[in-house]
Number of protein chains: 2
Amino acid sequence: MARKTGSHSDITGPKVRAAAQQLIARDGFAAVSMRQIAREVGVQAGALYLYTPDKQTLLFDLMRVHMEELMEAVAALDLSGPPQDALETFARFHITFHLDRAEAVFISYMELRNLTPENFAHIADLRLQYETLLETILKRGKAAGRFTVPDTKLATMALIAMLTGLTTWYRDDGRLDRAEIERIYLTMVRQMVSDGATERVEPLAVPL
Amino acid sequence: MARKTGSHSDITGPKVRAAAQQLIARDGFAAVSMRQIAREVGVQAGALYLYTPDKQTLLFDLMRVHMEELMEAVAALDLSGPPQDALETFARFHITFHLDRAEAVFISYMELRNLTPENFAHIADLRLQYETLLETILKRGKAAGRFTVPDTKLATMALIAMLTGLTTWYRDDGRLDRAEIERIYLTMVRQMVSDGATERVEPLAVPL
DNA sequence: GTCTATACAGGGATAGAC
DNA sequence: GTCTATCCCTGTATAGAC
């Protein structure tokens with residue numbers, strides 16, 4: 001068999017992460033062995049340790065990179081406009097970003113418990129930052145009397161669960177295409193916060 | 001050490017399932033070993049095979065029993081009234097039932113991929129039956145002009161994701177107690193379907 | 001019904017040759 | 001940079017004593 005010579009760390013490294021992401025998303029971190037990942041990449045198991053200090057770091061890096069890309073992408077959005085616009089921008093972004101990265105999303109939600117406490121804390125912190133962006137929009141809309149949200153924190157969790165849940169059942173060959181799903185979800189999002197466009201009565205008086 | 005004598009299968013069997021549920025909810029099916037479960041129960045690993053033919057069946061039984069209890073409990077509800085009432089009854093039930101069974105819920109959502117195809121099909125079928133109950137309520141409300149729901153199937157998935165998501169962050173010692181959370185979520189649920197009580201305009205014309 | 005003992009496969013990770 | 005070989009542990013599951 002022809003065996004590769006020379007340096008390939010700049011190629012093999014990404015291949016290792018890609019294979020790990022695919023396998024972990026499908027079978028779960030604990031169920032995937034380093035030998036499987038190596039087989040997928042086309043190297044021996046021992047060679048993986050040239051690209052990652054251990055299996056835990058491999059998982060952490062996948063989740064960290066995913067969250068960093070998420071934060072970078074969301075930071076590029078303009079969320080400074082009216083809260084209704086910001087909410088729509090955020091929701092559209094969330095749907096698109098997550099549907100485009102089904103594997104990474106799945107891992108980031110399912111494998112949190114397989115992180116060491118330190119690594120978990122880091123990912124949880126990034127996630128909280130992301131959620132806070134949405135909550136800030138809701139707070140602005142509530143303060144402006146445009147949204148009727150009993151509790152902005154709970155609404156944040158509810159909206160993210162609802163939007164992210166999409167990734168668990170969406171299929172490319174499903175009944176509705178992405179544009180339709182996006183439109184329908186946006187309608188539900190707006191209704192859930194009783195977007196001011198619906199001309200509702202006074203917000204409920206609920207303690208923060 | 002005093003060693004138990006006589007028959008204990010009626011006691012040890014449930015203890016095995018309880019230990020398995022606790023450990024699998026915490027660490028994941030693939031990460032939990034039969035040795036761990038046995039240690040928790042207080043028997044040797046080999047003894048577990050008196051109560052389950054194998055590890056897969058242990059997982060499947062946990063999920064099957066959970067889903068069967070869910071279907072039995074939901075069947076006892078009266079969902080025949082006005083759709084607004086039925087939706088409220090269903091949502092309250094879903095929240096309470098799921099918060100009371102955090103471990104079983106977590107397992108039923110996280111470990112689907114660790115089921116054999118046959119076992120998966122069985123659980124998926126039960127879940128679809130449950131979801132259909134909610135969708136039926138939404139269809140009734142839409143037909144009666146009480147709910148503004150662009151798509152009942154998507155609204156079903158969105159509502160279930162939102163309500164079930166609660167279990168991932170709810171803590172007994174959190175900021176809000178269960179009654180408050182339930183009330184807030186019900187408000188959001190009603191708003192999301194634009195419950196007719198809000199006196200809205202015509203439903204959007206959207207293809208089924 | 002539970003035990004000890006064990007079979008056998010596979011796990012993560014490392015050492016040292018090439 | 002990748003290989004083979006290997007260490008040592010743990011996995012599921014079974015056999016047979018008590």
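Order of the sequence lines fixes the chain letters, A, B, ..., with proteins taken first and strands second; residue numbering starts at 1 for each chain. It should be emphasised that the depicted structure is a prediction, and the values quoted were computed from it without experimental measurement.
The nucleotide whose nearest atom lies closest to any side-chain atom of A:M34 is, among D:dA13, C:dA13, D:dG1, C:dA13. Minimum atom distance to the side chain of B:Y49 is reached by D:dT12, of the listed D:dT12, C:dC3, C:dG12. The side chain of A:V43 lies closest to D:dC3 when the candidates are C:dG12, D:dC3, C:dC3.
Between the CD atom of A:Q36 and the P atom of C:dG12 there is a distance of 9 Å, rounded to whole Å. Between the CG atom of B:L48 and the P atom of C:dC3 there is a distance of 10 Å, rounded to whole Å. Going from atom CG of A:D54 over to atom P of C:dA13 covers 5 Å, rounded to whole Å. Between B:Q56 atom CD and D:dG11 atom P there is a gap of 18 Å when expressed in whole angstrom units. Residue B:Q44 contributes atom CD, which lies 15 Å from atom C1' of D:dT10 at whole-angstrom precision. For B:L50 and D:dT14, the CG to C1' distance is 12 Å, given to the nearest whole Å. Distance B:I37 CD1 to D:dA13 P: 11 Å, rounded to the nearest Å. Distance CG (A:N114) to C1' (C:dG12): 15 Å, rounded to an integer number of Å.
Stacking of B:R101 on the aromatic ring of B:F97 is recorded, both the 6.0 Å distance cut-off and the 45° axial limit being met. With B:Y109 as the aromatic partner, B:R127 meets the cation-pi criteria of under 6.0 angstrom to the ring centre and within 45 degrees of the ring axis.
Closest non-hydrogen pair, B:K142 versus B:V149, comes out as NZ-O, 3.0 Å.
Comparing A:P53 and B:R35, the nucleotide of DNA chain C nearest to each residue sits closer to the 5' end for B:R35.
With 3.5 Å as the limit, one finds no donor-acceptor pair spanning the side chains of B:T156 and B:E131. No hydrogens or angles considered: a donor-acceptor pair under 3.5 Å links the side chains of A:H94 and A:Y130.
Using a 4.0 Å cut-off, no side-chain N or O of B:S33 falls inside it from OP1 or OP2 of D:dT10.
Counting non-hydrogen atoms under 4.0 angstrom, A:V41 reaches nothing in the nucleic acid.
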